[in-house]
Student: 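I'd like to ask some things about the structure below.
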Protein chains: 2
Amino acid sequence: MARKTGSHSEITGPRIRAAALKLFARHGYAAVSMRQIAAEVGVQAGALYLYTPDKETLLFELLKSHMDDLIAAWDAEATGGTPLDRLEAFVRFHIRFNLDRPDAVFLSYMELRNLGDENFAIIEGLRREYENRLERILRAGHEAGAFSTPDTKLATLAIIAMLTGVNTWYREGGRLSRDSVGDIYWDMVRKAVAA
Amino acid sequence: MARKTGSHSEITGPRIRAAALKLFARHGYAAVSMRQIAAEVGVQAGALYLYTPDKETLLFELLKSHMDDLIAAWDAEATGGTPLDRLEAFVRFHIRFNLDRPDAVFLSYMELRNLGDENFAIIEGLRREYENRLERILRAGHEAGAFSTPDTKLATLAIIAMLTGVNTWYREGGRLSRDSVGDIYWDMVRKAVAA
């Protein structure tokens, strides 16, 4: 997509994306106008169109940068070790990364349907790339006899759904620390794939 | 909420709810107008207001009837037996019930934020009632030494998130039958809570 380059847009682009993320997460993509986003940033609506051709492009950029960040963060953190070590690292990483970004996670699930076919396919592709990283761990463990996951694809989707669900109920300062949640979910995942 | 009684509304109410469910699921609650719902039903927009005071009430009725149906269906199906038997029945029931109602499940997750506080609390209460049914099974199994679920509340939320996730990827006529999906998820859940 076309985007202006230079210092001006580099300053304003992140502010526009932050404002859009906040408003989309709070009110829903369909209910938010470009005018409201401009007001949140403190610019005229016309100025917004210097940085983004339309609202869908803003949504797409938010969802894409979330997936890019997720994959890059995992690739930076993923270590070697046994499949069991790698699976534990994945479980704790996924919970932590998502809890740090509640709005972006919420948006990624809620507003995917508002993307056009081409943008949707790109986000779906990035999700698949992320899922493949978990699936490779499960397959390695299954082949080594450490795990029993008769269908590694379904195990992948089941584990990610389970872990992402933490975002729907976790409250900072509640009865459980993030580490305790990580411990409890790791216990369940470890057993779920056990040989 | 006020609702007209009598044969006329009994015929039209379900049609209005079916039209609203279809349009909300397809386009999102915020993007659908009462006028569009009326057009889908084949009545004037004014006629809609004889049956429902506003769009939020329609959404609330859809989410509430989904939860009422879910709980009633499980209560009708839930059998006795060991905690393991009851857990297996729950896993297979949840997947099957949700796959039969993709639009209602989608709406229940996507549009909850559009309810006012009072209606939101009612839906949350019904969810809790449903979750409690699973949690009681887990607690019974844990106390009997058949399961090891150090935190039955989290295990409940994890299992429901995992099972509900099936709706996001399952396609009728794909490589797996519903029964195969039930078998694979039951294997993971059974192991996840194993002592």
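Throughout, protein chains are lettered first and strands after them, A, B, ... in sequence-line order, and every chain is numbered starting at 1.
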Student: Are A:F106 and A:M162 connected in the hydrophobic side-chain network, where two residues link if heavy atoms are under 4.5 Å apart?
Tutor: no
Student: Tell me, for B:L176 versus chain A, whether the close heavy atoms (under 4.5 Å) come from the side chain, the backbone, both or neither.
Tutor: side chain
Student: Between A:E61 and A:L58 (side chain of the first, backbone of the second, donor and acceptor by atom type, cut-off under 3.5 Å), is there such a pair?
Tutor: no
Student: What option among A:A31, A:S180, A:G165, A:G28 has the most heavy-atom pairs under 4.5 Å with chain B?
Tutor: A:G28
Student: Can you pull out the residues in residues 38-46 of chain B with any heavy atom less than 4.5 Å from chain A?
Tutor: none
Student: Using modelled atom types only, decide if a donor and an acceptor are shared between the side chain of A:R127 and the backbone of A:I123 within a distance under 3.5 Å.
Tutor: no
Student: Quick check: under 4.5 Å, non-hydrogen atoms only, which of residues 140-155 of chain B neighbour chain A?
Tutor: B:S148, B:P150, B:D151, B:K153, B:L154, B:A155
Student: Just by modelled atom types, is the B:T82 backbone N or O under 3.5 Å from a matching donor or acceptor in the B:D85 side chain?
Tutor: yes
Student: Find out whether B:V105 and B:T164 are in side-chain contact, i.e. whether some heavy atom of one side chain is under 4.5 Å from a heavy atom of the other.
Tutor: yes
Student: Taking the side chain as everything from C-beta on, heavy atoms only, tell me whether A:L163 gets closer than 4.5 Å to A:Y185.
Tutor: yes
Student: Quick one: which residues of residues 107-116 of chain B reach chain A at under 4.5 angstrom, heavy atoms only?
Tutor: B:Y109, B:M110, B:E111, B:R113
Student: May I ask you to decide whether B:E135 forms a salt bridge with B:R139, counting only side-chain N to carboxylate O separations under 4.0 Å?
Tutor: yes
Student: Between B:F90 and B:Y130, is a ring pair (Phe, Tyr, Trp, His ring centres under 6.0 Å) present by the stated rule, with each step listed?
Tutor: CA-CA 11 Å; B:F90 185 93; B:Y130 182 65; 5.3 Å; yes
Student: Any Lys/Arg nitrogen of B:R92 or B:D179 sitting under 4.0 Å from an Asp/Glu carboxylate oxygen of the other?
Tutor: no
Student: When you measure from the side chain of B:K55 to the backbone of B:Y29, do you find a donor-acceptor pair of N or O atoms at a distance under 3.5 Å?
Tutor: yes
Student: Do B:L126 and B:K64 have side-chain heavy atoms sitting under 4.5 Å apart?
Tutor: yes
Student: Could you list which of residues 187-195 of chain B have a heavy atom closer than 4.5 Å to any heavy atom of chain A, in residue-number order?
Tutor: B:D187, B:M188, B:K191, B:A192, B:V193, B:A194
Student: For atom CZ of A:R35, decide whether the heavy atoms of other residues, nucleotides or ligands shown that lie under 6.0 angstrom number more than 12.
Tutor: no
Student: In terms of heavy-atom contacts, does CG of B:D75 have more than 12 from other residues, nucleotides or ligands at under 6.0 Å?
Tutor: yes
